[in-house]
Amino acid sequence: MSRRVVITGMGAITPIGNDVNTFWENAKKGVVGIGPITKLDTTDYKAKLAGEVKDFVVPECVDKKAARRMEDFSKYAVAAAVEAIGDSGLELEKEDPYRVGVCVGSGVGSLQNITRNYVRLLEKGPNRVEPLMIPGLISNIAAGNIAIQFGLKGKNINVVTACATGNHNIGEGFRSILYGEADVMVTGGGENTICDIGLAGFMGLNALSTSEDPKTASRPFDVDRDGFVMAEGAGILVLEELEHAKARGAHIYAEIAGYGATSDAYHVTAPAEDGSGAAKAMEFAMKDAEVSPEEVDYINAHGTSTHMNDLFETRAVRLALGAAADKVKVNSTKSLVGHMLGAAGGVEAIACIKSINDNFIHVNAGLVNQDPECDLDVVKGEGISHEVNVVISNSLGFGGHNASLVFKAYN
């Protein structure tokens, strides 16, 4: 394929900043956005901490009536899209709207909406359920709301693969441009599951950290890790066909050059123990990008801080990169912000791209005692200046979904 795809705009809503620059400056400083949960009373819950978004305000350009009908995961995604499209400099009135698409997902949709309306159903009967319950809670509605906000009439899809959602949406948006279906795709994810049923559900899986120390609750690759920290937010990238971007004089942040997707076909929650599925996703992404393992400078790991993920992902990296795994720098953005589920891949992609732009890799926060079985070159103590030209970003989801992206310095 002769078409190349570049990133021309980015937007972020995160626990350490509600725009890309604030998020990245805090990430570079190693700021941790995890703290005591304020969205519900956690007295009866073992998990007490989360990565909550702070001081969020819906952008002024979003119709207030429309915003009131949106659940938080949609609001976050739309707000991040407003930033990303503004950042891209696209003049949408000059674009063919059928050549600009959306590929934005949510792993869960709105559990808050379901809970709220189920209580109404029990207490007041079926006629008192909110008329817009369904279009509020369904996971594709974030993509729908972005398209409506900007009048984007091209391909509009929502890939739902649990914690791999963000990467799969970016990857499928990349493919859509590569194969000529679109010139521009708005991609990424938005999520908010910090509520009673969300917290209880993940607690039932023994997946959440019970630590009450915000600094070390999310500690990927640490021998004492005890689970992930739930988080919320959104990460959106504007992907654009290279010649289209050059023709309008767009600022190009980086190139997205490869995408690999596989399935473990092993277990509903546990990754394959030998890391083979995730390894193959990385191999496919590198082949797609025409880069060798020796060219990879940095891996933004899925790195959830659960015992199985970090161990099996370590094995996956070694399988995929062979001897080159010893020289690759590794971190997990979840150490700073927690696990945003379907939004994680979007936010982590932004961290990868900013690492390329600044030749800087943020710290893997919370890591004190590295697990000897997780024997990768994990960045600890503080972030480092390091030449970054090629990055792999990994996302792995319940159900065995694996998605890897390769970002390259634009050349």
Exercise. Are Glu71 and Arg116 ion-paired here, with the side-chain N under 4.0 Å from a carboxylate O?
Worked result: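 Between Arg116 and Glu71 there is a salt bridge, with a charged N closer than 4.0 Å to a carboxylate O.
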With sequence neighbours excluded, residues passing side chain to side chain donor-acceptor pair (under 3.5 Å) with [X]:
X: Lys94; answer: Glu91
X: Glu172; answer: Tyr259
X: Asn26; answer: none
X: Asn206; answer: none

Within the supplied structure, the quantity of interest is the number of heavy atoms (other residues, nucleotides, ligands) at a distance under 6.0 Å from [X] [atom1]; does it exceed 12?
X: Lys54; atom1: NZ; value: yes
X: Glu382; atom1: CD; value: no
X: Tyr98; atom1: OH; value: no
X: Lys287; atom1: NZ; value: no
X: Glu290; atom1: CD; value: no
X: Lys48; atom1: NZ; value: yes

Exercise. Among pairs that include at least one residue of residues 293-302, which meet salt bridge (Lys or Arg N to Asp or Glu O under 4.0 Å), considering only residues two or more places apart or in two chains?
Worked result: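 Non-adjacent pairs meeting salt bridge (Lys or Arg N to Asp or Glu O under 4.0 Å): zero.
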If I compare all heavy atoms of [X] with all of [Y], which pair ends up nearest, and what's the gap?
X: Val186; Y: Leu152; value: CG2-CD1, 3.9 Å
X: Val388; Y: Ser355; value: CB-O, 3.7 Å
X: Arg225; Y: Asp310; value: CD-OD2, 3.1 Å
X: Arg219; Y: Ser305; value: N-OG, 2.9 Å

Report all side-chain donor-acceptor pairs from residues 156-163 shorter than 3.5 Å, counting only partners two or more places apart or in another chain.
{"from": "Asn156", "atom 1": "ND2", "to": "Ala143", "atom 2": "O", "distance (Å)": "3.3"}
{"from": "Asn158", "atom 1": "ND2", "to": "Ser139", "atom 2": "OG", "distance (Å)": "3.0"}
{"from": "Thr161", "atom 1": "OG1", "to": "Ala164", "atom 2": "O", "distance (Å)": "3.4"}
{"from": "Thr161", "atom 1": "OG1", "to": "Thr165", "atom 2": "N", "distance (Å)": "3.2"}
{"from": "Thr161", "atom 1": "OG1", "to": "His168", "atom 2": "ND1", "distance (Å)": "2.7"}

Residues that [X] engages under ring-ring contact (aromatic ring centres under 6.0 Å, His included), provided they are two or more places apart:
X: Phe202; result: Phe228
X: His251; result: Tyr253
X: Tyr118; result: none

Exercise. Does Pro15 reach the side chain of Met340, with side-chain heavy atoms less than 4.5 Å apart?
Worked result: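 In short, these two side chains touch, coming nearer than 4.5 Å.
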For this session: Please tell me if the side chains of Lys246 and Val6 come closer than 4.5 Å, counting only heavy atoms from C-beta onward.
Result: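 Contact flag for Lys246/Val6 side chains = no.
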Could you tell me whether the side chains of [X] and [Y] share a donor-acceptor contact shorter than 3.5 Å?
X: Thr304; Y: Thr306; result: yes
X: Glu52; Y: Thr38; result: yes
X: Asn357; Y: Trp24; result: no
X: Thr216; Y: Asp213; result: yes
X: Glu95; Y: His244; result: yes
X: Ser332; Y: Asn364; result: no
X: Ser176; Y: Lys155; result: yes
X: Ser393; Y: Asn300; result: no

For this session: Under the salt bridge (Lys or Arg N to Asp or Glu O under 4.0 Å) rule, collect the residues that match up with Arg120, sequence neighbours excluded.
Result: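 By the salt bridge (Lys or Arg N to Asp or Glu O under 4.0 Å) rule, Arg120 matches no residue at all.
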Report the distance from atom [atom1] of [X] to atom [atom2] of [Y], rounding to the nearest 0.5 Å.
X: Arg99; Y: Ile177; atom1: CZ; atom2: CD1; answer: 9.5 Å
X: Asn192; Y: Leu111; atom1: CG; atom2: CG; answer: 8.5 Å
X: Asp288; Y: Ser404; atom1: CG; atom2: OG; answer: 11.5 Å
X: Ile353; Y: Ile7; atom1: CD1; atom2: CD1; answer: 4.0 Å

For this session: Any chance you could lay out the salt bridge (Lys or Arg N to Asp or Glu O under 4.0 Å) test for Lys334 and Glu348, step after step, and finish with the verdict?
Result: CA-CA 8 Å; Lys334 295 177 182 72; Glu348 289 157 14; 2.7 Å; yes
Problem set entry | Where at least one partner belongs to residues 273-306, residue pairs that pass ring pair (Phe, Tyr, Trp, His ring centres under 6.0 Å), sequence neighbours excluded |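 Every ring pair (Phe, Tyr, Trp, His ring centres under 6.0 Å) pair that includes a residue of residues 273-306, provided the two are not neighbours, is His302-His339.
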Problem set entry | Residue among Leu376, Asp326, Val328 satisfying side chain to side chain contact (heavy atoms under 4.5 Å, CB included) with Leu321 |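 The residue from Leu376, Asp326, Val328 that satisfies side chain to side chain contact (heavy atoms under 4.5 Å, CB included) with Leu321 turns out to be Val328.
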Exercise. Of Val317, Val296, Leu405, Leu319, which is the lone residue that meets side chain to side chain contact (heavy atoms under 4.5 Å, CB included) with Met282?
Worked result: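 Going through Val317, Val296, Leu405, Leu319 one by one, the side chain to side chain contact (heavy atoms under 4.5 Å, CB included) with Met282 is satisfied by Val317 alone.
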Problem set entry | Working for side chain to side chain contact (heavy atoms under 4.5 Å, CB included), residues Phe73 and Val108 | CA-CA 9 Å; Phe73 80 97; Val108 180; over 6 Å; no
Exercise. What pairs with Glu373 under side chain to side chain contact (heavy atoms under 4.5 Å, CB included), at least two apart in sequence or on another chain?
Worked result: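 Listed in chain order: Leu311, Arg315, Asp371.
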